[in-house]
Amino acid sequence: MKKKVCCIFNLAPHYREPIFRQMDKELDCDFYFGDKVETKIKLMDYESLEGFKKILKNIKIPNTGFEWQKGAWKLIFKPYKYYIITGSPGSLSNWMLLLFALIFGKKVYAWTHGLRDETSTASKYIATNFYRLCNKLLLYGEFSKGLMVKKGFKKSKLIPIYNSLDYSNQIKIRATLKKNALYKNHFKNESPVLLYIGRIQKTKKIDLLIKAIAELKEANIFFNLVLIGSDVENNDIPKLVDNYNLKENVWFYGPCYNESEIGNLLYNADLCVSPGPIGLTALHAATYGLPIVTNDNFHKQMPEFEVIKKGVTGDFFKENDLDDLKQKISYWASLDLDGRNIVQKEAIKIIDDKYNPEYQIQILKELIKN
């Protein structure tokens with residue numbers, strides 16, 4: 001039996017396995033994935049999907065900013081009715097697929113960040129025309145939708161589908177979690193615990209967080225910090241910690257993919273902080289009811305910043321402003337029990353309402369059905 005939906009993605013990172021499995025189970029899909037991208041990312045097991053068909057070679061075209069996914073555009077000649085693709089305007093093979101889709105009357109839906117204000121004029125021009133060729137755009141959030149409506153795109157073409165993690169597993173783990181002495185035993189003190197989870201990259205500005213903790217310590221306001229994730233760019237964060245005499249207060253936990261372990265770490269922390277763009281860190285923190293602080297430059301943020309409800313589930317500090325960061329940390333990491341309970345309830349509700357595979361699969365099913 002022929003499948004009616006063809007999914008062509010540049011990659012399948014491990015965090016997207018739950019939604020891809022849901023699509024595999026509930027949509028009539030075949031999957032084609034790229035082999036690699038420039039950034040080191042843990043991948044899911046492609047072969048575990050019943051609809052998996054082939055790994056396509058991603059080819060970077062030197063000195064152009066464009067790429068080509070070998071064999072992708074030719075899939076337009078197969079008897080699929082719908083195509084869901086990674087919405088990268090720099091993919092020349094996707095341009096080819098879109099142009100032939102117009103000729104053959106097939107539908108192409110791009111899963112994408114959409115337009116971003118900080119890109120160059122030339123990039124915006126390319127992206128705008130790419131997105132206009134698509135039948136629908138599956139966006140990671142409302143902020144991008146607002147930008148695109150201002151640029152003349154019809155609201156009906158723009159569908160926020162958000163993002164998700166291993167939701168079904170996480171809610172089971174969440175139901176079993178209790179406050180414990182994990183951090184008291186490790187740090188040998190009872191100071192509030194700040195936490196960051198994700199790859200440690202220069203763009204994440206962990207150095208700003210270290211400086212904030214150091215200056216707060218000088219003012220006799222004490223915090224501990226847990227960093228969960230691998231240092232992918234040799235950021236010299238351990239050296240910075242040494243220089244500020246914070247070794248006893250910073251726990252380099254390292255990468256962790258055990259969700260029960262992650263849940264326990266997040267649930268028992270006091271505040272999640274990401275001084276740079278926050279991304280999936282926001283989903284992880286909110287899933288376990290942790291308040292979040294990140295910067296206020298929404299044009300450079302990752303779409304998951306929308307998880308934060310200002311003044312309710314967390315806050316935004318003025319980008320690169322160390323004093324404002326210190327102020328926000330001091331407030332949100334020192335909430336009383338009632339305050340924490342309100343944060344937890346509201347943060348979890350946001351994830352349960354939108355940021356999960358069940359919500360995403362309903363969006364996709366309605367799209368295909370209509």
Side-chain angles (χ1 to χ4, degrees), residues 173-174 176-200 204-231 235-256 258-276 278 281-282 284-294 308 313-315 317 321-344 347:
I173 291 166
R174 192 170 67 199
T176 69
L177 293 172
K178 294 179 180 177
K179 293 293 181 182
N180 57 47
L182 168 68
Y183 295 125
K184 183 180 177 181
N185 292 338
H186 178 83
F187 290 110
K188 310 301 182 191
N189 65 52
E190 296 189 8
S191 299
V193 175
L194 313 180
L195 182 146
Y196 168 84
I197 180 169
R199 287 175 294 169
I200 299 172
K204 300 298 182 178
K205 301 181 181 178
I206 304 301
D207 58 326
L208 194 66
L209 178 54
I210 301 297
K211 290 173 187 174
I213 295 169
E215 290 196 8
L216 287 164
K217 185 179 180 180
E218 286 180 7
N220 292 318
I221 305 171
F222 302 99
F223 293 98
N224 300 312
L225 171 64
V226 184
L227 297 173
I228 307 170
S230 54
D231 187 339
N235 287 274
D236 284 335
I237 298 300
K239 185 178 178 181
L240 192 63
V241 168
D242 282 345
N243 290 343
Y244 282 116
N245 196 26
L246 289 171
K247 280 188 75 174
E248 300 301 314
N249 302 101
V250 179
W251 187 0
F252 290 96
Y253 198 87
C256 180
N258 183 312
E259 193 60 39
S260 295
E261 208 173 318
I262 290 169
N264 187 41
L265 289 159
L266 286 163
Y267 190 80
N268 281 283
D270 295 288
L271 176 67
C272 174
V273 186
S274 179
I278 193 161
T281 300
H284 239 142
T287 295
Y288 296 105
L290 192 60
I292 307 162
V293 166
T294 188
I308 303 167
T313 63
D315 217 333
F317 74 97
D321 189 321
L322 187 58
D323 289 334
D324 196 30
L325 175 59
K326 289 189 295 182
Q327 184 181 354
K328 296 298 193 296
I329 287 173
S330 297
Y331 174 80
W332 286 96
S334 305
L335 293 176
D336 60 19
L337 185 59
D338 287 342
R340 278 303 307 272
N341 286 339
I342 291 169
V343 170
Q344 191 173 78

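Remember, it's a predicted structure, so these values are computed and weren't measured experimentally.
Checked by atom type and distance alone, the side chain of S274 never pairs as donor or acceptor with a backbone atom of T294 at under 3.5 Å. Judged by distance alone, the side chain of Y183 and the main-chain N or O of L265 form a donor-acceptor pair under 3.5 Å. S230 places no side-chain N or O within donor-acceptor distance of the main-chain N or O of R199, the cut-off being under 3.5 Å.
A cation-pi contact links K179 to Y267, judged by a cut-off of 6.0 Å to the six-membered ring centre and 45° from its axis.
Across D321 and F317, no two heavy atoms sit closer than the pair O-CD1, 3.7 Å. Nearest heavy atom pair, residue V273 against residue L209, reads CG1-CD1, 3.8 Å. The two residues D270 and P291 have their closest heavy-atom pair at O-CG, 3.3 Å. Contact record, D315 with W332: CB-NE1, 3.2 Å, taken as the closest heavy-atom pair. Taking every heavy atom of both residues into account, I221 and S330 meet most closely at CG2-OG, 4.5 Å. The nearest pair of heavy atoms linking I197 to H284 is CD1-ND1, 3.9 Å.
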Check the pair I210 / I237 against side chain to side chain contact (heavy atoms under 4.5 Å, CB included), numbers first and verdict last.
-> CA-CA 8 Å; I210 301 297; I237 298 300; 4.2 Å; yes
Evaluate the side chain to side chain donor-acceptor pair (under 3.5 Å) criterion for residues N180 and N264: first the C-alpha distance (whole Å), next the side-chain angles of each, then the deciding distance (0.1 Å), finally the verdict.
-> CA-CA 9 Å; N180 57 47; N264 187 41; 2.9 Å; yes
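No side-chain heavy atom of T313 sits under 4.5 Å from any side-chain heavy atom of I292. In this structure the side chain of L266 never reaches within 4.5 angstrom of the side chain of I228, judged on heavy atoms. Using a 4.5 Å cut-off on side-chain heavy atoms (C-beta onward), R340 and L290 make contact. P192 places a side-chain heavy atom less than 4.5 Å from the side chain of F223. Contact check for N189 versus F222: no side-chain heavy atoms found under the 4.5 Å cut-off.
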Kindly list each side-chain donor-acceptor pair under 3.5 angstrom involving residues 239-254, sequence neighbours excluded, with atom names and distances?
residue	atom	partner	partner atom	Å
N243	ND2	K239	O	3.4
N249	ND2	N224	OD1	3.2
Y253	OH	E261	OE2	2.3

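Atoms CD1 and CG, on I342 and D338 in that order, are 6.5 Å from each other to the nearest 0.5 Å.
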